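Encoded as structure tokens, the structure appears first; notes follow it.
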Amino acid sequence: MLPFRLYAAVLFVLSISLLFPPFCIGIRSFPTRAIDAGDAFELASAAWARFSEAPDYRNGADCAVSMNKEMVSSCDPSLVHIAMTLDSEYLRGSVAAVHSVLKHASCPENVFFHFIAAEFDPASPRVLTQLVRSTFPSLNFKVYIFREDTVINLISSSIRQALENPLNYARNYLGDILGRCVDRVIYLDSDVLVVDDIHKLWNISLSGSRVIGAPEYCHANFTKYFTDGFWSDPVLSRVFSSRRPCYFNTGVMVMDLVRWRQGNYRKRIENWMELQRKRRIYDLGSLPPFLLVFAGNVEAIDHRWNQHGLGGDNVRGSCRSLHPGPVSLLHWSGKGKPWVRLESKNPCPLDHLWEPYDLYKPLRHHNAEKFQALSPISASTLIGFSSYLS
């Protein structure tokens, strides 16, 4: 008899083979259907699925009007596009991040979220989709499935196991996952709070031929992000000879997807990951390949848009304080997450700034019958990301 985990994996592969025929390339829609009793039970009983409905945030009088109020298309030019990953482990953070964006946006109805879900997450993409819909009934969003086999063979070991999660690399593939009509996107990690109008970040210009914009930190010791073997190799280290590289955090980026696709930057990043598999040139996860490709050629965005490191030291997990200056985005990058520390009754002082955006509620407020009565999942909401590689 097969072990339970192996049996579940076999069933999953068989179901995927039915949804995605062999040699299928591109994006495919799931059939439209209401959430079934099994999904409703999973959603109602799961510890990560207990959220209150967010307030209904509406546009002001000065906001651009959508071309079609009944069915908002991701191709609508009036939209602000935000991409985030969505998984059961960080779901509480993702929900709080979305809530913060909507609360402070001048035109919340003009914000469109693109959620990238893990292929083998304990929560099915259908359940995650229904949960987002029940928490944010008027939200414009799509959920995509990220196929882990796209990147799994490129991932090398890191200093922290969490950094090896294939979903961390989904940002490398946004140019392929999102529709061609989406020519710009803001990528946000799941452990952020936006406490300013997201439209301000959206409207930042990427000058010249720059592909991404992010806050830079040129005072940081850039050499520590790569091994001694990298810096001692004259061919490898020469990649930075014509630019002044600075550290930037990939958890908050404005990305020009037109230039990204034209320059095939996904492949450039993969090339460095392939080299890393052959000879170790860095110890962190998904960050160093981005630094190798972009550091020194990034549109420098004001630091207020990424007050990072609030999760604490990766080794000691110690609390951090804010950097001097104004704050538009708080980022709990690092080992500690505010929802974990609050739940364990051992929060850092800044975790209390995150708490008002938390929509997580005790299980007693929910039951399976509530979820069975929810509206059907639209085929335009949940789409599967089939491999684009031939």
Side-chain angles (χ1 to χ4, degrees), residues 12 16 27 29-30 35 39 42-43 46-54 74 80-102 111-148 150-151 162-163 165-174 176-179 182 185-194 198 250-253 255 286 331-333 337-340 354 357-360 371 374 377-386:
F12 183 87
I16 286 297
I27 296 173
S29 298
F30 283 99
I35 189 168
D39 285 347
E42 180 184 350
L43 182 56
W48 39 260
R50 302 174 294 206
F51 296 92
S52 295
E53 184 177 313
S74 60
V80 171
H81 294 276
I82 298 176
M84 298 178 64
T85 57
L86 193 67
D87 68 335
S88 53
E89 183 178 0
Y90 286 89
L91 184 61
R92 191 169 173 182
S94 300
V95 169
V98 173
H99 186 199
S100 71
V101 170
L102 299 177
V111 180
F112 196 103
F113 282 87
H114 303 267
F115 295 113
I116 317 301
E119 184 178 10
F120 297 112
D121 191 87
S124 70
R126 289 190 187 280
V127 168
L128 289 174
T129 300
Q130 190 65 25
L131 186 142
V132 172
R133 176 58 65 210
S134 65
T135 308
F136 304 101
S138 59
L139 187 69
N140 300 315
F141 74 97
K142 286 184 180 179
V143 175
Y144 309 76
I145 298 177
F146 180 62
R147 288 190 54 172
E148 296 184 5
T150 301
V151 73
L163 299 177
N165 186 336
L167 202 57
N168 291 339
Y169 297 83
R171 72 197 82 184
N172 302 3
Y173 299 89
L174 291 177
D176 303 280
I177 297 174
L178 306 189
V182 180
V185 69
I186 297 172
Y187 176 82
L188 297 178
D189 272 350
S190 297
D191 52 1
V192 307
L193 285 183
V194 178
I198 196 67
T250 53
V252 180
M253 296 186 291
M255 307 173 67
S286 60
H331 188 184
W332 275 263
S333 57
K337 303 305 172 189
W339 58 92
V340 175
W354 182 89
Y357 299 91
D358 184 19
L359 295 174
Y360 181 82
F371 293 104
L374 289 173
I377 298 174
S378 166
S380 64
T381 299
L382 178 63
I383 67 176
F385 175 39
S386 179

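Below, all heavy atoms of this structure are taken into account, side chains as well, without hydrogens, waters or symmetry copies. Computed from a predicted structure; not experimentally measured.
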- prompt: Where is the tightest heavy-atom contact between Leu167 and Ile116, given as atom of each residue plus distance?
  reply: CD1-O, 3.7 Å

message: Ring-plane angle category for Tyr173 and Phe146, please: parallel below 30°, perpendicular beyond 60°, tilted otherwise.
response: tilted

- request: Would you indicate whether the side-chain heavy atoms of Thr129 and Arg126 approach each other to under 4.5 Å?
  value: no

message: Return the OG to NE2 distance between Ser94 and His99, rounded to the nearest 0.5 Å.
response: 14.5 Å

- prompt: So, for Trp339 and Gly93, which heavy atoms are closest and what is the spacing to 0.1 Å?
  reply: CZ3-CA, 3.5 Å

message: I'd like to check Val252 versus Tyr187 (side-chain heavy atoms, cut-off strictly below 4.5 Å). Are they in contact?
response: no

query: Who are the side-chain contact (heavy atoms from CB on, under 4.5 Å) partners of Thr135, not counting sequence neighbours?
result: Phe51, Val95, Leu131, Leu359

task: List in chain and number order the residues that pass salt bridge (Lys or Arg N to Asp or Glu O under 4.0 Å) with Asp87, two or more places apart in sequence or in another chain; answer none if no residue qualifies.
output: none

message: Side chains of Asp191 and Trp354, heavy atoms from C-beta outward: is any pair under 4.5 Å?
response: no

Side-chain donor/acceptor of Ser100 to backbone N/O of Val194, under 3.5 Å: yes

Non-neighbouring partners of His114 that pass side-chain hydrogen bond (donor to acceptor under 3.5 Å, both in side chains), sequence neighbours left out: His81, Tyr144

statement: For Met84 and Ala97, the nearest pair of non-hydrogen atoms, with its separation, is CE-CB, 3.7 Å

message: A side-chain contact here means heavy atoms from C-beta on lying under 4.5 Å apart; do Ser333 and Asp189 qualify?
response: no

message: I'd like to know whether Leu102 forms a side chain to side chain contact (heavy atoms under 4.5 Å, CB included) with Phe136, so could you lay out the CA-CA distance, the side-chain angles of the two residues, the decisive distance to 0.1 Å, and finally the verdict.
response: CA-CA 10 Å; Leu102 299 177; Phe136 304 101; 3.8 Å; yes

statement: The ring pair (Phe, Tyr, Trp, His ring centres under 6.0 Å) partners of Phe113 (sequence neighbours excluded) come to Phe115

- prompt: So which heavy atom on Glu53 is nearest to which on Ser134, and how close?
  reply: CG-O, 3.8 Å

message: When you measure from the side chain of Asp121 to the backbone of Ser88, do you find a donor-acceptor pair of N or O atoms at a distance under 3.5 Å?
response: yes

statement: Those residues at least two apart in sequence (or on a different chain) that pass ring pair (Phe, Tyr, Trp, His ring centres under 6.0 Å) with His331 are none

query: Going through the checks in order, is the side chain to side chain contact (heavy atoms under 4.5 Å, CB included) test met by Leu86 and Val132?
result: CA-CA 10 Å; Leu86 193 67; Val132 172; 4.0 Å; yes

query: What pairs with Thr250 under side-chain hydrogen bond (donor to acceptor under 3.5 Å, both in side chains), at least two apart in sequence or on another chain?
result: Arg171

field: Min side-chain heavy-atom separation Pro125-Leu128 under 4.5 Å
entry: no

query: When rounded to the nearest 0.5 angstrom, what is the spacing between OG in Ser124 and CD in Glu119?
result: 13.0 Å

task: Mind running side chain to side chain contact (heavy atoms under 4.5 Å, CB included) on Ser190 and Thr85 for me, showing each step along the way?
output: CA-CA 7 Å; Ser190 297; Thr85 57; 3.5 Å; yes

statement: What one should report as the nearest heavy-atom pair of Ala96 and Leu193 is O-CD2, 3.8 Å

- request: Would you check if the side chain of Arg92 reaches a backbone N or O of Arg50 as a donor-acceptor pair within less than 3.5 Å?
  value: no

- prompt: How close do Ser74 and Val182 get, heavy atom to heavy atom, and via which atoms?
  reply: O-CG2, 4.0 Å

Student check: side-chain heavy atoms of Ile198 and Ile82 closer than 4.5 Å: yes

